[in-house]
Structures are given as structure tokens and as C-alpha cells.
Amino acid sequence: MAPVPLRLATWNINSVRLRIDLVTRFLAEHRPDVLCLQEIKCRDDQFPHKAFAAAGYRYRAVHGQKGYHGVATVSRRPFSESFRQAFCGKDDARHVAVTIRLGGQQLTIHNTYVPAGGDIPDPDVNEKFAHKLAFIEELGAFLERRPEDAILTGDLNVAPLATDVWSHRQLLRIVSHTPAETDRLEVLRTRGGWTDAVRHFVPPEEKLYSWWSYRARDWRASNRGRRLDHIWVSDGLVPTLKAASIVAATRDWPRPSDHVPVVVDFGRPRRS
DNA sequence: ATGGTGGGTAGCCCA
């Protein structure tokens with residue numbers, strides 16, 4: 001069978017320098033065409049370019065920062081344009097976009113790291129939570145102004161559905177699953193005309209996670225996960241969706257990230 | 001109800 005035209009993966013790596021061997025293993029085993037990384041936690045000049053080049057990922061757009069945050073998109077296929085967008089008047093490294101060709105059309109991939117939001121889910125007493133809510137609103141407004149086919153991916157730090165957390169009832173007041181966040185993300189999703197590519201294949205009754213805390217004795221046994229990492233596609237791309245998966249196996253690799261990769265396969269665009 | 005474990009980095013910041 002011919003390979004799909006595009007395989008896209010997203011992974012919050014929690015330090016790309018510390019975990020470069022896990023990344024290259026993932027690239028070798030799953031061969032995504034494009035990998036979007038978040039929390040690279042290094043400056044642009046510290047990014048491990050050589051390891052990606054050796055793995056065949058010639059094209060790289062890095063938006064790094066010392067110590068915190070940082071995103072990078074690496075690709076085996078050429079991308080023509082890349083830019084970084086700032087949000088909320090901060091110079092946090094939380095976004096990088098690249099434009100690639102899928103079939104005959106141009107496609108912009110927005111790799112995004114939404115603020116985690118701190119512990120207290122009250123914007124009046126917790127500036128980090130206020131920042132998170134404002135960031136989601138500003139991201140939505142920014143994406144609405146962009147007409148081309150697009151993918152919104154990354155660590156959105158929100159588990160939107162009741163089945164995106166291990167206990168809906170117990171997490172309603174925990175940052176990442178509060179109505180203030182899930183409502184805003186849903187507004188962004190519907191106004192922007194986005195489809196959740198993973199939920200396109202997995203029914204909403206089924207529990208699905210992409211993150212498990214480090215603070216569990218046995219992450220698999222307790223299984224208190226959340227689905228924080230997403231791949232969303234604009235309307236024009238929905239007919240090209242072929243498959244989606246979450247690579248939970250990486251959570252058992254040595255010195256793992258607390259997040260695992262999310263992968264989506266795209267087929268050839270339908271003729272119109 | 002609490003604290004539990006990981007990053008980056010040199011003081012505690014953050015997830």
C-alpha cells in the first residue's frame with residue numbers, strides 16, 4: 001500500500017535536549033512527515049538540529065526560549081513559509097506556523113503551546129489562569145482572520161470532553177477541565193470551523209488521554225490521564241482524514257515525557 | 001485533604 005500523503009504528529013517533549021533519543025526513536029518507528037514539538041525548553045541556538053537532520057528532517061522551524069516553553073516544527077517535506085505569532089502582549093515562545101503542500105493545496109500548520117494556567121481556576125486571583133483564558137480568546141481571533149486551509153495542533157492544555165479526563169466530576173474544578181476553559185475552547189473551535197481529528201475517529205463515549213502526571217507511582221495502573229494534546233483541521237481537510245492514534249507506548253520509554261505523541265494521517269484531497 | 005515527580009537552572013521558576 002502506498003504511504004499516506006501526510007502523517008502529522010504532535011508531542012509535548014518536556015525538554016528536547018534531554019529527550020532527543022526518545023524523539024529520534026519515535027521518528028524511526030512512526031515516520032511522521034511533520035512533527036510539532038512543544039516545551040522544547042531551549043534557545044534557538046541550542047536546538048539539536050544535527051539529530052533531526054541525520055534522521056532526515058531537513059526542514060525545521062524553531063521558536064525557542066531560555067528555560068521555558070518553546071515550540072519547533074520539523075519536517076521531511078519542504079515547507080515554504082514560517083512565522084511566529086505573539087499573544088497577550090508577551091514574548092513567550094508559544095507558536096510557530098509553517099506552510100506546506102498537500103496534494104494541490106497549501107496548508108498552514110499552527111504549532112501552539114497554550115499556557116498551563118497555574119493551580120487556582122479563578123482569573124481574579126490567579127494571573128496565570130487569566131492569561132490562559134485570554135490566550136485562548138486571542139488565539140481564536142487570530143485564527144479566524146486566516147482564510148486558508150489549516151491545522152491547529154499542539155499542547156492546548158485543555159481536555160475538552162468529559163471523556164478526555166479520568167473523572168469528569170472530580171476535574172470540573174481542576175485547571176485544564178473547568179467550564180471557563182472548555183467553553184472558550186469550544187467557542188474557538190466552532191467559530192473557526194475546526195474538526196477534532198482524533199475524535200473524528202474515536203467516539204465521544206470512549207476515554208482518551210495524551211498526558212499522565214509524573215506524580216503517580218504507576219501511571220498505567222492509576223490511569224488518571226487527560227487529553228491535552230490535539231490536532232484540529234479546517235473544514236476543507238476533513239475529507240482527507242484517514243486515521244488517528246495516540247502513541248501511549250512512549251510513556252513507558254526510559255525517562256519519558258509526561259505527554260505522549262498524537263498522530264494523524266491525511267490522504268489525498270478529494271477532487272472538487 | 002494532601003502531596004506526590006519531573007524539567008531548567010543556579011534563586012526558585014514552572015509543569
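Here is the naming used below: chain letters follow the sequence lines, and residue numbers restart at 1 for every chain. Any value given below was found using the heavy atoms of this structure, including those in side chains, with hydrogens, waters and symmetry copies removed.
- For A:His69 and B:dA15, the NE2 to P distance is 7 Å, given to the nearest whole Å.
- Following rounding to the nearest Å, A:Trp211 (CH2) and B:dA15 (P) show an atom-to-atom distance of 12 Å.
- One P atom belongs to B:dT2, the other to B:dG6, and the distance between them is 23 Å to the nearest Å.
- Across every non-hydrogen atom of A:Ala9 and A:Pro32, the tightest pair is CB-CB, 4.0 Å.
- Atom CD1 in A:Ile174 sits roughly 12 Å away from atom C1' in B:dA1 (whole-Å rounding).
- Residue pairs meeting the side chain to side chain donor-acceptor pair (under 3.5 Å) criterion with at least one partner in residues 159-168 of chain A, sequence neighbours excluded, are A:Thr163-A:Arg199, A:Asp164-A:Arg199, A:Asp164-A:Arg227, A:Ser167-A:Gln170, A:His168-A:His177.
- For the P atom pair drawn from B:dG3 and B:dG7, the interatomic distance equals 22 Å after rounding to whole Å.
- Contacts of A:Arg217 with the nucleic acid, taken as non-hydrogen atoms under 4.0 Å apart, are absent.
- The 5' end of DNA chain B is approached more closely, in terms of each residue's nearest nucleotide, by A:Gln65 than by the other of A:Gln65 and A:Gly117.
- Annotation for A:Ala197 and A:Leu241: closest pair CB-CD2, 3.9 Å, computed over non-hydrogen atoms.
- Closest approach of A:Ala159 and A:Leu228 over heavy atoms only: N-CD2, 3.9 Å.
- Relative to the six-membered ring of A:Trp253, A:Arg25 meets both conditions, a distance below 6.0 Å and an angle of at most 45° to the axis.
- One can place NE2 of A:His131 at 14 Å from C1' of B:dC14, the figure rounded to the nearest angstrom.
- Rounded to whole angstrom, the span from the CG atom of A:Asn14 across to the C1' atom of B:dG8 amounts to 10 Å.
- For the pair A:Arg255 CZ and B:dG6 P, the interatomic distance rounds to 9 Å; values are reported in whole Å.
- For the residue pair A:Gly117 and A:Lys132, the shortest heavy atom distance occurs at CA-CD, 4.0 Å.
- If A:Asn12 and A:Pro256 are placed on DNA chain B by their nearest nucleotide, the residue sitting closer to the 5' end is A:Pro256.
- For A:Arg17, taking side-chain heavy atoms from C-beta onward, the closest of the listed nucleotides B:dT5, B:dA15, B:dT9 is B:dT9.
- Taking side-chain N and O atoms only, A:Arg19 has no distance below 4.0 Å to OP1 or OP2 of B:dG6.
- Spacing between B:dA15 and B:dG4 at atom C1', rounded to whole Å, works out to 14 Å.
- Between the P atom of B:dG7 and the CG atom of A:Leu37 lies a distance of 16 Å, rounded to the nearest Å.
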Using a cutoff of under 3.5 Å, can you pull out all pairs of nitrogen or oxygen atoms linking the protein to nucleotides 10-13 of chain B, with atom names and distances?
from, atom 1, to, atom 2, distance (Å)
B:dA10, OP1, A:Lys66, NZ, 3.3

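- The environment of CG in A:Asp91 is sparse: at most 12 heavy-atom neighbours from other residues, nucleotides or ligands sit within 6.0 Å.
- Here the P atom of nucleotide B:dG6 and the CG atom of A:Leu18 are 12 Å apart, to the nearest Å.
- For the P atoms, the distance linking B:dT9 with B:dC13 amounts to 16 Å, nearest Å.
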